[in-house]
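To start, the structure under review is shown below, and the notes come after it.
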Amino acid sequence: MLKKTIVVLLALSACVLTGCWLKMRMQHPLATAADKAAADETQPTPVIKYGFNLNDYKVISGTVNPNEFFANILGQYKVPYQTIDLLARESKDVFNLNKIQAGNNYTVLCSKNDSNTTAEKFIYEENDIDYVVFNLTDSLYVYEGHKDVEHKQCTASGVVNSSLWETFEDNNINPVLAIGLSEIFAWAVDFYKIQPGDKFKIVYDADYVHGKEVNVSRIKACIFNSGGKDYYAFYYDKGKGQGGDYYDENGNSMKKQFLKAPVKFSRISSHYSLHRFHPVTKEWKAHLGTDYAAPEGTPIMATADGVIEAACFKQYNGNYVKIRHNGEYETQYLHMCRIAKGMRPGLRVKQGEVIGYVGMTGLATGPHVCYRFWRDGQQVDPYRQNLMFSDPMAAKLKPTYMAQIKPFKETLDGMVYQEKSAKVLAEEQATAENDSTAFDLLKKFF
């Protein structure tokens with residue numbers, strides 16, 4: 001009887017306890033979830049960069065100054081010279097510390113509890129994608145890292161107001177694309193005679209890091225309207241190791257035998273002429289070349305494939321290079337400040353290869369390259385020659401090419417030219433506001 005009574009009492013106690021617990025849970029059904037959420041809110045969102053959670057460190061960002069070295073930077077963050085010396089020796093196979101460049105960014109990670117800001121890790125950014133990590137605590141080691149890169153197909157367009165370069169700058173377009181356009185349309189468009197109203201559209205591939213464009217990988221398709229005429233160009237890879245090139249909407253190569261000029265983005269200071277007043281000799285005489293004024297040191301390119309005939313110095317020519325392109329054509333490049341390394345008679349050079357640098361040696365009054373052009377042994381004006389296109393597309397490739405460029409052409413034709421950039425619109429708005437303020441003042445006082 002006693003045992004039965006004890007069992008009944010235990011059962012009743014269990015029921016009472018269970019009821020109390022259930023009542024408490026009903027009164028506070030979300031207490032555990034709410035507590036967890038509140039706890040999570042107190043934890044900052046991780047900031048992952050270079051493979052580290054930056055919330056775990058005191059973060060110091062900087063930029064390499066001119067004439068600043070690895071040792072100078074680390075010395076500011078209490079890293080012993082012995083450690084720096086050891087890192088310099090141990091890192092040779094990973095990264096040459098002598099290659100640290102002024103203007104590049106770096107990040108120093110220190111302990112949060114360290115009031116002396118002693119560096120634990122040092123990260124140097126080689127470029128927008130690649131970086132090097134130096135671990136400065138416990139075991140010393142160095143390794144390379146790479147930021148996550150997103151590849152995108154992008155578009156850009158513009159209408160020239162002053163110069164092509166300024167239009168790209170005003171429209172916040174990567175200037176690499178301007179150089180690309182000048183190379184693709186080197187034969188179709190005279191970039192020394194760009195006029196206001198000329199316009200362009202571009203479809204290109206780019207690399208993005210953290211939403212920022214860091215690199216242009218290739219122009220896929222583009223159109224340049226010059227003097228009211230449209231010029232199309234599309235990149236086409238012929239496959240089987242043949243490489244790729246640019247062709248127009250009909251499959252014709254964009255390349256001709258010669259580039260239009262041996263230097264980029266210069267100006268013609270003197271044309272080919274049979275009767276010109278020479279600025280040095282003060283005499284009227286023939287000028288059988290075309291002068292391109294450019295800053296000293298500007299690279300000079302071979303305008304076509306060929307073999308070097310001469311690379312030397314002469315009293316009036318200064319430093320010069322002469323190239324034979326075939327049995328019909330030769331070109332010569334005068335007044336270089338220096339001839340490119342390795343240039344010598346008998347060397348074969350490719351179109352666009354740098355053969356020297358703009359100077360003013362010989363009979364010259366300022367930095368320029370005098371470009372001379374021979375046809376069948378006679379000096380002629382290259383701009384009056386009917387030069388041919390090179391490397392025509394094989395007929396069997398044309399159907400594939402036409403199918404491949406169709407969507408790109410539709411994209412180009414569907415794009416709208418960006419006539420005014422945000423920068424230009426802001427300047428116009430500011431000018432309008434200033435004019436309005438001035439007008440209001442006039443009305444007030446008169």
Side-chain angles (χ1 to χ4, degrees), residues 44-152 169 172 174-177 179 206-217 295-299 337-338 340-342 354 357:
T45 303
V47 179
I48 306 300
K49 194 174 183 181
Y50 314 117
F52 303 104
N53 183 355
L54 300 188
N55 293 334
D56 297 337
Y57 298 92
K58 182 190 297 182
V59 181
I60 303 170
S61 299
T63 302
V64 180
N65 295 317
N67 301 316
E68 190 171 35
F69 300 99
F70 183 72
N72 303 135
I73 299 171
L74 289 189
Q76 301 174 41
Y77 300 101
K78 314 299 187 296
V79 179
Y81 179 78
Q82 293 82 353
T83 300
I84 298 172
D85 182 59
L86 180 59
L87 275 174
R89 286 186 276 113
E90 292 297 323
S91 65
K92 286 181 179 179
D93 294 335
V94 179
F95 178 73
N96 185 349
L97 295 177
N98 292 327
K99 291 186 177 180
I100 285 183
Q101 297 182 358
N104 283 18
N105 297 323
Y106 65 81
T107 300
V108 179
L109 303 182
C110 309
S111 170
K112 274 190 168 182
N113 301 320
D114 183 7
S115 59
N116 295 320
T117 61
T118 302
E120 293 188 351
K121 303 181 191 303
F122 177 79
I123 301 100
Y124 170 73
E125 295 191 2
E126 294 184 75
N127 49 54
D128 289 318
I129 297 173
D130 306 310
Y131 58 88
V132 183
V133 177
F134 298 83
N135 189 70
L136 307 172
T137 57
D138 301 327
S139 58
L140 300 176
Y141 57 87
V142 183
Y143 63 89
E144 292 180 311
H146 313 282
K147 298 176 184 177
D148 292 333
V149 178
E150 182 182 3
H151 305 288
K152 292 183 179 181
E169 188 177 59
N172 197 30
N174 193 324
V176 171
L177 293 171
I179 296 172
D207 297 331
Y208 278 73
V209 173
H210 301 310
K212 175 188 174 185
E213 182 180 296
V214 298
N215 180 50
V216 171
S217 54
E296 186 166 352
T298 299
C337 66
R338 69 181 188 280
K341 187 176 180 180
V354 175
Y357 302 87

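Start at 1 with the first residue, then count along the sequence. Heavy atoms only: backbone and side chains are in, while hydrogens, waters and symmetry mates are out.
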Legend entry - From CA spacing to verdict: side chain to side chain contact (heavy atoms under 4.5 Å, CB included), I129, V149: CA-CA 7 Å; I129 297 173; V149 178; 3.8 Å; yes
Inset, instruction - Determine, step by step, whether F122 and Y77 satisfy the ring-ring contact (aromatic ring centres under 6.0 Å, His included) criterion, reporting the C-alpha distance in whole Å, the side-chain angles of both residues, the deciding distance to 0.1 Å, and the verdict. - result: CA-CA 10 Å; F122 177 79; Y77 300 101; 8.0 Å; no
Inset, instruction - Please assess E213 against E150 for the test side chain to side chain contact (heavy atoms under 4.5 Å, CB included), listing each intermediate value before the final yes or no. - result: CA-CA 9 Å; E213 182 180 296; E150 182 182 3; over 6 Å; no
Inset, instruction - Take T107 and I60, measure what side chain to side chain contact (heavy atoms under 4.5 Å, CB included) needs, and give me the verdict at the end. - result: CA-CA 6 Å; T107 300; I60 303 170; over 6 Å; no
Legend entry - ring-ring contact (aromatic ring centres under 6.0 Å, His included) between F134 and Y124, worked out: CA-CA 8 Å; F134 298 83; Y124 170 73; 7.9 Å; no
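Between the CG atom of L136 and the OG1 atom of T118 there is a distance of 10.5 Å, given to the nearest 0.5 Å. To the nearest 0.5 Å, the span separating CD on E144 from NE2 on H146 amounts to 5.5 Å. With rounding to the nearest 0.5 Å, the separation of CG in L109 from OG1 in T117 is 12.5 Å. Here CG of N96 is found 11.5 Å from CZ of F70. Values are rounded to the nearest 0.5 Å. Note: S91 OG to L97 CG = 4.0 Å, rounded to the nearest 0.5 Å. Here K78 contributes atom NZ and E120 contributes atom CD; the two are 13.5 Å apart, rounded to the nearest 0.5 Å.
Shortest non-hydrogen contact noted between N104 and E126 is ND2-O, 3.1 Å. Smallest separation of non-hydrogen atoms from C337 and E296: CB-OE2, 3.7 Å. The nearest pair of heavy atoms linking I84 to G75 is CD1-N, 4.1 Å. Y143 approaches Y50 most closely through the heavy-atom pair OH-O, 4.4 Å. In terms of heavy-atom proximity, A206 sits nearest to S217 at N-OG, 4.0 Å.
Counting non-hydrogen atoms of neighbouring residues, nucleotides and ligands closer than 6.0 angstrom, the CG atom of N67 reaches no more than 12 such neighbours. More than 12 non-hydrogen atoms from other residues, nucleotides or ligands lie less than 6.0 angstrom from NZ of K112. Open room surrounds NZ on K99; 12 or fewer heavy atoms of other groups in view lie less than 6.0 Å from it.
Remark: the backbone N or O of N127 is not paired with any side-chain donor or acceptor of D130 at under 3.5 angstrom. Listed for the N135 side chain is a donor-acceptor partner under 3.5 Å among the backbone atoms of S139. Side-chain atoms of T83 do not come within 3.5 Å of backbone N or O of V79 as any donor-acceptor pair. Of the possible polar contacts, one joining the N53 side chain to the V47 backbone as a donor-acceptor pair under 3.5 Å is found. Checking side-chain atoms of N55 against main-chain N and O of T45 turns up a donor-acceptor pair under 3.5 Å.
Using a 4.0 Å cut-off between charged side-chain N and carboxylate O, K147 and E125 make a salt bridge.
A heavy-atom distance below 4.5 Å is found between the side chains of Y106 and I73. In this structure the side chain of Y208 never reaches within 4.5 angstrom of the side chain of H151, judged on heavy atoms. Side-chain contact check for L87 versus L140: some heavy-atom pair is nearer than 4.5 Å. Proximity of D148 to V209: side-chain heavy atoms (C-beta onward) are nowhere separated by under 4.5 Å. A heavy-atom distance below 4.5 Å is not found between the side chains of E68 and I100. Residues N174 and N215 are not in side-chain contact: their nearest non-hydrogen atoms beyond the backbone lie 4.5 Å or more apart.
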